[in-house]
Amino acid sequence: MSLLELSEQEIIRRESLNELKKLGINPYPPEEYPVSHYSQDIKQEFEKNPDAFQEVSLAGRIMSRRIMGSASFAEIKDKQGRIQIYLRRDDLCPGDDKTLYNVVFKKLLDIGDIIGIKGFVFKTKMGEISVHVTSLKVLAKSLRPLPVVKEKDGKVYDAFSDPEQRYRQRYVDLIVNDRVKDTFMKRTRIINSMREFFNDKGYLEVETPILQPIPGGAAARPFITHHNTLDIPLYLRIANELYLKRLIVGGFEGVYEFGKDFRNEGMDRSHNPEFTVMEIYVAYKDYEWMMNFTEEMIEKVALDLHGTTKIEVGDQIIDFKRPFKRISMLDAIKEHTGIDISGMDETQLRKVCDRLNIEHDPSMGKGKLIDEIFGEKCEASYIQPTFITDYPVEMSPLCKKHRDNPELTERFELMVNGKEIANAYSELNDPIDQLERFKEQLRLSEKGDDEAMFIDMDFVRALEYGMPPTSGMGIGIDRLTMLMTNQNTIQEVIFFPQMRPEKKQERDGEEKFTELGIPAEWVPVLYKAGYLKTADLKEANPNKVHQELCGLNKKYKLGLKNPQPDEVKAWISK
RNA sequence: CGGUCCGUAGCUCAGCUGGUAGAGCAGCUGACUCUUAAUCAGCGGGUCCAGGGUUCGAGUCCCUGCGGACCGACCA
């Protein structure tokens, strides 16, 4: 990389790197650095037992420095957080050679560098528990300046806040914005809490294919890819459902999977193209049982994470204490619109939509129309956890028909804060009915619904061998995490959310320039001057180019031999 | 897809009716042995997103494009 593409601060850091090497210090040493203590443990335990902290060894990143001549304070950040360290020249360098303090620490180290320190813990006059450093080792030099975020009395200054940069360079976000790490640690605790809940009940965690010849189990547009050896298209899964149910057919009593699903649809604050779901299937249960199971699980997650069932989400307090409210979809619609749609046909439903000012088009079947009414008029009002039950049969092709009403299915969704969090069925295990429902989906697809499900004949075949009555439930982990950590975008709970690719400015390669007789060492200088393509040069004034090149050579002390004006003219006219 | 707003130093952001680019932090030089948004003195740092246009003159006005944020629409 040419110096010309670096900022001043990056150049200075690279020079410091070289100075370290000249002093015989390896800026990237290979050997282990043994750590005995971590920052927060020290802060919490020191006062109870100061004698236990007379010899500590820590490693972390330098986050700030306050240098006062022959003594300095700095903060380092380790896996637990920040702790102040105190360095005094004559303690760090007891002999005559003061290089380690005067040169290495004061000049060659920077905010962002990773160091290891040994010393003893003490409390400063100002009352801050700190480590008095007696030895220091460079563990990794940082070549890029870090955004410096300062804080006083809970107020944050110069926050690194641009969402685009934070998501693209999540590593920087994690370094400088302390609460980000916390959110992701909570995410993992949520998953662990659920896993613990399932394992305690003896259910088996399994893995099923992500690459699928038929993307089934949900209504969504899939990503498509291609397998070379088989020369067939493969799809990235949109749901785990059909494979997990095959395992129930195979004789497992309870199986669950945490995994990624992929949907080739929009991206916004609540949708990422790949997202994490948990699906669980338990034999010999129905959706009533699953409702109890789900609320027990959610309550446990809340308690494990916060020690309470009451959680602040936006300006609401949501209480995950069991039992959750339950209401059927038709009752919900009746409650919010005053209209009883039970038993209505497609034409009547369209009229209801018209009356309620809900848009609809001819490709929508009965199920979609009802879903639309619910989504438009009811969904947003369910802030506290609520099970919406008994969905119309048309919108649930994998779900068993309701025991009391063949127009409905034994399905529930859990709504929290106006959004769907979980979805569950008494699973359809009648293979003849299942095939019929798939065919209905095919008809929807021919009508123009590009999300209608494909027919999976192998799944039907599996059901034909007999699947026990089973209840299944799926839950969006990203959205659950958003709720539990009070984040309002999905990008805040996914480490690396999908982003539009970074665009690089187009430029001609070095060889294009050397073909014109331009020496290679001048090419970066031309880039710096703004001539990214040889075509840009053609239109330039040779005298101006000559002056720019000589100017940059001088300014950046490149030590190149300046070309003659005629040479530059020759390059350009070629 | 539609509307609104934004793009200026490594980071956060000023820059009025068009007239030689600013601040704080970070950086560099120096002072300083318990500081904590450390302090004090000095210094450097810019393709003002890109391309066109208007103008004697554009960071500023107009058009186009790119990127982003927010709000809607669509979509799980």
Side-chain angles (χ1 to χ4, degrees), chain A residues 6-13 15-16 63-75 82-92 101 106-107 110-112 122-128 130 132 142-169 172 176-177 218-221 238-239 261 263-273 275 277 359 361 368 371-372 375 379 395 413 419-421 423 449-451 474 476 478-479 488-491 499-506 527-532 548 555:
Chain A
L6 300 174
S7 71
E8 184 194 23
Q9 293 194 43
E10 289 173 293
I11 293 168
I12 288 167
R13 281 169 182 244
E15 283 168 359
S16 297
M63 299 305 289
S64 70
R65 291 195 303 167
R66 295 181 283 277
I67 295 174
M68 302 160 301
S70 60
S72 298
F73 287 95
E75 274 179 304
R82 299 180 187 219
I83 190 164
Q84 181 171 267
I85 63 173
Y86 178 61
L87 301 95
R88 200 157 58 178
R89 186 188 59 205
D90 298 332
D91 295 335
L92 196 58
Y101 181 78
K106 276 170 72 175
K107 306 269 187 210
D110 291 290
I111 289 173
F122 74 113
K123 198 168 176 181
T124 65
K125 279 181 193 163
M126 303 298 287
E128 179 147 352
S130 310
H132 191 127
S142 161
L143 296 180
R144 285 178 186 263
L146 220 45
V148 177
V149 181
K150 297 202 174 184
E151 200 186 324
K152 184 176 187 177
D153 302 331
K155 206 173 157 189
V156 177
Y157 298 82
D158 300 324
F160 178 63
S161 55
D162 177 24
E164 187 185 2
Q165 288 197 71
R166 288 185 47 229
Y167 304 150
R168 282 194 198 284
Q169 296 184 260
V172 176
V176 303
N177 292 329
R221 291 205 296 272
I238 56 175
D261 284 352
R263 298 190 183 175
N264 205 343
E265 291 165 353
M267 287 163 53
D268 58 37
R269 53 160 57 228
S270 57
H271 297 84
N272 196 59
F275 56 100
V277 293
E359 284 181 40
D361 63 69
K368 267 219 147 155
D371 190 32
E372 206 62 26
E379 194 169 274
M395 51 189 292
E413 289 195 353
K419 295 184 194 83
E420 176 211 328
I421 289 297
N423 182 20
D449 183 345
D450 58 0
E451 293 189 337
D478 309 290
R479 290 184 184 180
N488 60 10
T489 73
I490 201 168
Q491 286 77 19
M499 305 284 286
R500 205 178 292 275
E502 274 184 276
K503 238 184 152 168
K504 262 194 170 170
Q505 231 181 346
E506 278 185 47
Y527 288 151
K528 179 74 178 177
Y531 303 103
L532 298 179
E548 284 173 332
K555 181 175 177 187

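Computed from heavy atoms alone, side chains included, the values below leave out hydrogens, waters and symmetry copies. Proteins come first, then strands; the chains are lettered A, B, ... in the order of their sequence lines, and each starts at number 1.
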Parallel, tilted or perpendicular, judged at 30° and 60°: which one describes the rings of A/F122 and A/Y86?
tilted
Answer yes or no: is there a donor N or O on one side and an acceptor on the other, between the side chain of A/Y167 and the main chain of A/D162, under 3.5 Å?
no
Heavy atoms only, 4.0 Å cut-off, all strands: where does A/E379 land among base, sugar-phosphate and nothing?
base
Gap between atom CG of A/L87 and atom CD1 of A/I67 - 0.5 Å precision:
9.0 Å
Rounded to whole Å, CE of A/M267 lies from C1' of B/rA73 at a distance of 18 Å
Backbone N/O of A/I238 and side chain of A/R263: donor-acceptor pair under 3.5 Å
yes
Donor-acceptor pair, side chain of A/E15 and main chain of A/E10, under 3.5 angstrom:
no
Pair assignment for B/rG67, Watson-Crick or G-U wobble, requiring both distances under 3.5 Å
B/rC6
Roughly how far apart, to the nearest Å, are B/rC43 and B/rG53 at atom C1'?
40 Å
Work out which heavy atom in A/E265 is nearest to a heavy atom in A/R221; give both atom names and the distance.
OE2-N, 3.0 Å
State the pairing partner of B/rG24; accept Watson-Crick or G-U wobble contacts with both distances under 3.5 Å, and report none otherwise.
B/rC11
Taking any heavy-atom pair under 4.0 Å as a contact, classify A/K419: base, sugar-phosphate, or nothing.
nothing
Scan every strand shown for a Watson-Crick or G-U wobble partner of B/rA31, both distances under 3.5 Å, and answer none if you come up empty.
B/rU39
Partner of B/rU54 by Watson-Crick or G-U wobble geometry, both contacts under 3.5 Å, or none?
none
Are any of the side-chain heavy atoms of A/V172 and A/R144 separated by less than 4.5 Å?
no
Using a 4.0 Å heavy-atom cut-off, does A/R269 contact any base of the nucleic acid, only the sugar-phosphate backbone, or nothing at all?
sugar-phosphate
Under-3.5 Å N/O pairs linking protein and nucleotides 32-35 of chain B:
residue, atom, partner, partner atom, Å
B/rC32, N3, A/I67, O, 3.4
B/rC32, N3, A/G69, N, 3.0
B/rC32, N4, A/G69, N, 3.0
B/rU33, O2, A/R88, NH1, 3.4
B/rC34, O2, A/K125, N, 2.6
B/rU35, O2, A/R66, NE, 2.8
B/rU35, O2, A/R66, NH2, 3.2
B/rU35, O2, A/Q84, OE1, 3.3
B/rU35, N3, A/Q84, OE1, 2.9
B/rU35, N3, A/Q84, NE2, 2.9
B/rU35, O4, A/Q84, NE2, 2.6
B/rU35, O4, A/T124, OG1, 2.8

For nucleotides 10-13 of chain B, list the nitrogen or oxygen atoms of the protein found under 3.5 Å from its nitrogen or oxygen atoms, one pair per line.
none

What nucleic acid atoms does A/E75 come within less than 4.0 Å of, heavy atoms only: base, sugar-phosphate, or nothing?
nothing
Would you name the heavy atoms of A/R82 and A/V176 that are closest together and state the gap between them?
NH2-O, 4.2 Å
Over all heavy atoms of both residues, which pair between A/N177 and A/F160 is shortest? Give the atoms and the distance, please.
ND2-O, 3.0 Å
Going by heavy atoms in the side chains, are A/N272 and A/D478 under 4.5 Å from each other?
no
Distance between P atoms of B/rG15 and B/rC75 (Å, rounded):
41 Å
Please give, in whole Å, the distance from B/rG68 P to A/E164 CD?
6 Å
5' precedence on RNA chain B between A/I111 and A/M499 (nearest-nucleotide basis)
A/I111
CG of A/D268 versus P of B/rA69: gap in Å, rounded?
11 Å
Just name whichever nucleotide pairs with B/rC1, Watson-Crick or G-U, keeping both distances under 3.5 Å, else none.
B/rG72
Would you tabulate the nitrogen or oxygen pairs shorter than 3.5 Å linking the protein to nucleotides 5-8 of chain B?
none

Students often get this wrong, so: under 4.0 angstrom with heavy atoms, is A/R263 touching a base, only sugar-phosphate, or nothing?
sugar-phosphate
So does A/S270 get a backbone contact from the side chain of A/R479, meaning a donor-acceptor N/O pair under 3.5 Å?
yes
Whole angstrom is fine here: how far is it from NZ in A/K152 over to P in B/rG24?
18 Å
Please state how far atom CD1 in A/I11 lies from atom C1' in B/rA26, giving the value in whole angstrom units.
16 Å
Roughly how far apart, to the nearest Å, are B/rU17 and B/rC28 at atom P?
39 Å
Whole-Å distance separating the CZ atom of A/R65 from the P atom of B/rA37:
18 Å
Taking the side chain from A/R13 and the backbone from A/S142, do they hold a donor-acceptor pair closer than 3.5 Å?
yes
Would you measure the distance from the C1' atom in B/rA31 across to the matching atom in B/rC13 and give it in whole Å?
31 Å
Please give the distance between the C1' atoms of B/rC48 and B/rU8 as a whole number of Å.
4 Å
Less than 4.5 Å apart, side chain to side chain, heavy atoms only: is that true for A/H132 and A/R88?
yes
Expressed as a whole number of Å, how far does the P atom of B/rA9 sit from that of B/rA23?
14 Å
Could you tell me if the side chain of A/D90 sits less than 4.5 Å from the side chain of A/S70, heavy atoms only?
no
What integer distance in Å separates A/K107:NZ from B/rC28:P?
8 Å
What interatomic distance, in whole Å, is found between P of B/rC49 and the corresponding atom of B/rU12?
14 Å
In the structure shown, which nucleotide is the Watson-Crick or G-U wobble counterpart of B/rG46, with both distances under 3.5 Å?
none
Quickly work out the A/E372 CD to B/rA73 P distance and round it to whole Å.
11 Å
Using the C1' atom in both, what is the distance from B/rC66 to B/rG57, to the nearest Å?
27 Å
